[in-house]
Amino acid sequence: QVQLVESGGGLVQPGGSLRLSCAASGFTFSNWAMSWYRQAPGKQRELVATIASVGGRTNYADSVKGRFTISKDNGKNTVYLQMNSLKPEDTAVYYCNTQIWRKDHWGQGTQVTVSS
């Protein structure tokens, strides 16, 4: 059974940093790409960043390029999202995702609030 558990969210001031973690289990972590999505109140869920299963190639939404970094540790079955220079518009619930044989799996989400 695929399980994704996010952690690391919280309240941070504009310009600050947070690192989100997503612990994965129930599948061969190293074989599958991993992604972070976010959903702000009243808005659709959007893709933030993806890291490939092989080679570590990454892709980012334009709104976070240069500020966020996705990485994964196959030994710990964990994917991270380092978020720097946070802005109020980054406020959202952040979700970990993997798509296995075209089926989406999601974590429960972690709240990130950027406010002074």
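For reference, positions follow the sequence shown, starting with 1.
- In this structure, the side chain of Glu6 engages the main chain of Cys96 through a donor-acceptor pair within 3.5 Å.
- Within 6.0 Å of the CD atom in Glu89, the count of heavy atoms belonging to other residues, nucleotides or ligands exceeds 12.
- Heavy atoms of other residues, nucleotides or ligands lying less than 6.0 angstrom from CD of Gln3 number 12 at most.
- Between Ser17 and Val12, every side-chain heavy-atom pair lies at or beyond the 4.5 Å cut-off.
- Residues Val112 and Tyr37 are members of separate hydrophobic clusters, defined by side-chain heavy-atom contacts under 4.5 angstrom among Ile, Leu, Val, Met, Phe, Trp and Tyr.
- What you find for Lys65 and Asp62 is that their closest heavy atoms are NZ-OD1, 3.2 Å.
- Rounding to the nearest 0.5 Å gives a distance of 11.5 Å between CG of Asp73 and OG of Ser30.
- Remark: side-chain polar atoms of Thr91 are paired, donor with acceptor, to backbone N or O of Val114 under 3.5 angstrom.
- Once rounded to the nearest 0.5 Å, the distance linking CG of Leu81 with CH2 of Trp36 reads 6.0 Å.
- Leu47 and Val93 fall within a single hydrophobic cluster, where Ile, Leu, Val, Met, Phe, Trp and Tyr side chains are chained together by heavy-atom contacts under 4.5 Å.
- Remark: the backbone N or O of Ile70 is paired with a side-chain donor or acceptor of Tyr60 at under 3.5 angstrom.
- Scanning both residues, Leu18 and Gly8, for their nearest heavy atoms gives CD2-O, 3.8 Å.
- Within the structure, disulfide bond (SG atoms under 2.5 Å apart) pairs that include any residue of residues 38-85 do not occur (at least two apart or interchain).
- One N or O on the side chain of Arg67 and one on the backbone of Ser85 form a donor-acceptor pair closer than 3.5 Å.
- A heavy-atom distance below 4.5 Å is found between the side chains of Glu46 and Arg38.
- Nearest heavy-atom pair across Asn84 and Gln82 is OD1-NE2, 2.9 Å.
- Two residues are said to be in side-chain contact when any heavy atoms from C-beta on lie closer than 4.5 Å; His105 and Trp32 fail this criterion.
- The pair Asp90-Lys87 does not count as a salt bridge, with every side-chain nitrogen at least 4.0 angstrom from each carboxylate oxygen.
- Nearest heavy atom pair, residue Pro14 against residue Ser115, reads CD-C, 3.6 Å.
- Between the CZ atom in Arg102 and the CD1 atom in Ile100 there is a gap of 14.5 Å [rounded to 0.5 Å].
- In this structure the side chain of Lys103 never reaches within 4.5 angstrom of the side chain of Val2, judged on heavy atoms.
- For the atom pair OH of Tyr95 and OG1 of Thr110, the computed distance is 10.0 Å after rounding to the nearest 0.5 Å.
- In this structure, Arg19 forms a cation-pi arrangement with Tyr80, its terminal cationic atom sitting closer than 6.0 Å to the ring centre and no more than 45° off the ring axis.
- To the nearest 0.5 Å, the span separating CZ on Phe27 from OG1 on Thr98 amounts to 4.5 Å.
- Met83 CE to Thr69 OG1: the interatomic distance, rounded to the nearest 0.5 Å, is 11.0 Å.
- At a cut-off of 3.5 Å, with distance as the only test, no side-chain donor of Ser53 or Asn31 sits close to an acceptor on the other residue.
- Ring geometry for Phe68 versus Tyr94: interplanar angle of 30 to 60°, hence tilted.
- Taking hydrophobic clusters as Ile, Leu, Val, Met, Phe, Trp and Tyr residues chained together by side-chain heavy-atom distances below 4.5 Å, Phe29 shares a cluster with Trp101.
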